[in-house]
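What follows is a single structure, written as structure tokens, with notes after it.
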Amino acid sequence: MMIELRQLTKHFQTANGTIKAVDDINLTIEKGQIYGIIGYSGAGKSTLIRLLNQLETPTSGEVVIDGKVINQLGKQDLREARQEMGMIFQHFNILWSRTVADNIAFPLEINGTPKEEQSRRVKELVELVGLSGREDAYPSQLSGGQKQRVGIARSLANNPKVLLCDEATSALDPKTTDSILDLLVDINQKLGLTIVLITHEMHVIRKICHRVAVMEEGRFVEEGPVLDVFRRP
Ligand code: ADP
Ligand code: ADP
């Protein structure tokens, strides 16, 4: 399997006591799956997805990605493990002073990929996400959907095995949301990429996810194939 969470727990200490943001979660996600985690605000979804790439370290438990317990890796190994994971965000996290092409090349620049290889890769990615012809545009000249396409292309620059999506369509209108979801399915099928997404929108889960977990107060209250979990009574 691609991802395994074992008794994963994250507590935050606050003035008002301990918050169990993620509370003893066990989960297996197979390679190539599109896995959705849905829940209301405060359920623990962001904390959970941040634990997957170690933006948060767990209070206890293990995060296993592609056979590696990533919360026990040293700095260098963690950096390598992180390159296998791309992430996209609600507000795109793009660099406003850089063109589309330079945004997409950014992760490649950072890890010292040769210029020629960068250009080749950017060309591929621009085509993959449907932004051909917009390479020299700045983010302020793009629609919300196009900005997210830039975010997606950049997240794929290092050929990750897993794509983490943090409310990736929540800032977009319904039609644009559908076009971005279609793109995620396309990427899932073409690249065999495993996708984990968090959302508060049922529609997103129904449209593209294979399996879903429903999260409340740090725990999964339901988990299974989307058609079973959301079967109409
Ligand atoms: P969701 O993404 O589902 O809205 P979060 O993971 O953001 O949920 O939050 C889960 C719970 O953990 C909430 O009660 C939130 O206030 C709390 N929380 C999240 N991050 C922190 C933090 N850094 N410090 C203290 N409490 C936090
Ligand atoms: P959209 O309208 O497509 O949802 P936004 O314009 O709201 O995207 O951008 C999302 C985030 O980026 C917001 O936090 C916003 O303040 C910030 N932002 C938008 N445009 C710029 C800009 N030109 N320079 C810096 N930050 C920006």
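In listed order, ligands and their atoms are each counted from 1. Since this is a predicted model, take the numbers as computed values, not measurements. In what follows, every heavy atom counts, from backbone to side chain, and hydrogens, waters and symmetry copies are set aside.
Annotation: the span from Leu227 atom CG to Arg206 atom CZ amounts to 8.5 Å, rounded to 0.5 Å.
Side chains of Thr14 and Asn16: no donor on one and acceptor on the other come within 3.5 Å.
Pairs engaging residues 174-193 under the salt bridge (charged side-chain N to carboxylate O under 4.0 Å, His left out) rule: Asp182-Lys207, Asp186-Lys190 [sequence neighbours left out]. Judged as a salt bridge (charged side-chain N to carboxylate O under 4.0 Å, His left out), the pairs with a partner in residues 79-93 (not counting sequence neighbours) are, in order, Glu84-Lys161. Residue pairs meeting the salt bridge (charged side-chain N to carboxylate O under 4.0 Å, His left out) criterion with at least one partner in residues 48-59, sequence neighbours excluded, are Lys10-Glu56, Arg50-Glu56.
Using a 4.0 Å cut-off between charged nitrogen and carboxylate oxygen, Arg6 and Glu4 count as a salt-bridge pair.
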Contact table ligand 1 N or O to protein N or O, d under 3.5 Å:
| residue | atom | partner | partner atom | Å |
| --- | --- | --- | --- | --- |
| ligand 1 | 2 (O) | Ser46 | N | 2.8 |
| ligand 1 | 2 (O) | Ser46 | OG | 2.4 |
| ligand 1 | 3 (O) | Ala43 | N | 3.1 |
| ligand 1 | 3 (O) | Gly44 | N | 3.0 |
| ligand 1 | 3 (O) | Lys45 | N | 3.0 |
| ligand 1 | 3 (O) | Lys45 | NZ | 2.9 |
| ligand 1 | 4 (O) | Gly42 | N | 2.7 |
| ligand 1 | 6 (O) | Thr47 | N | 3.0 |
| ligand 1 | 6 (O) | Thr47 | OG1 | 2.6 |
| ligand 1 | 8 (O) | Gly44 | N | 3.0 |

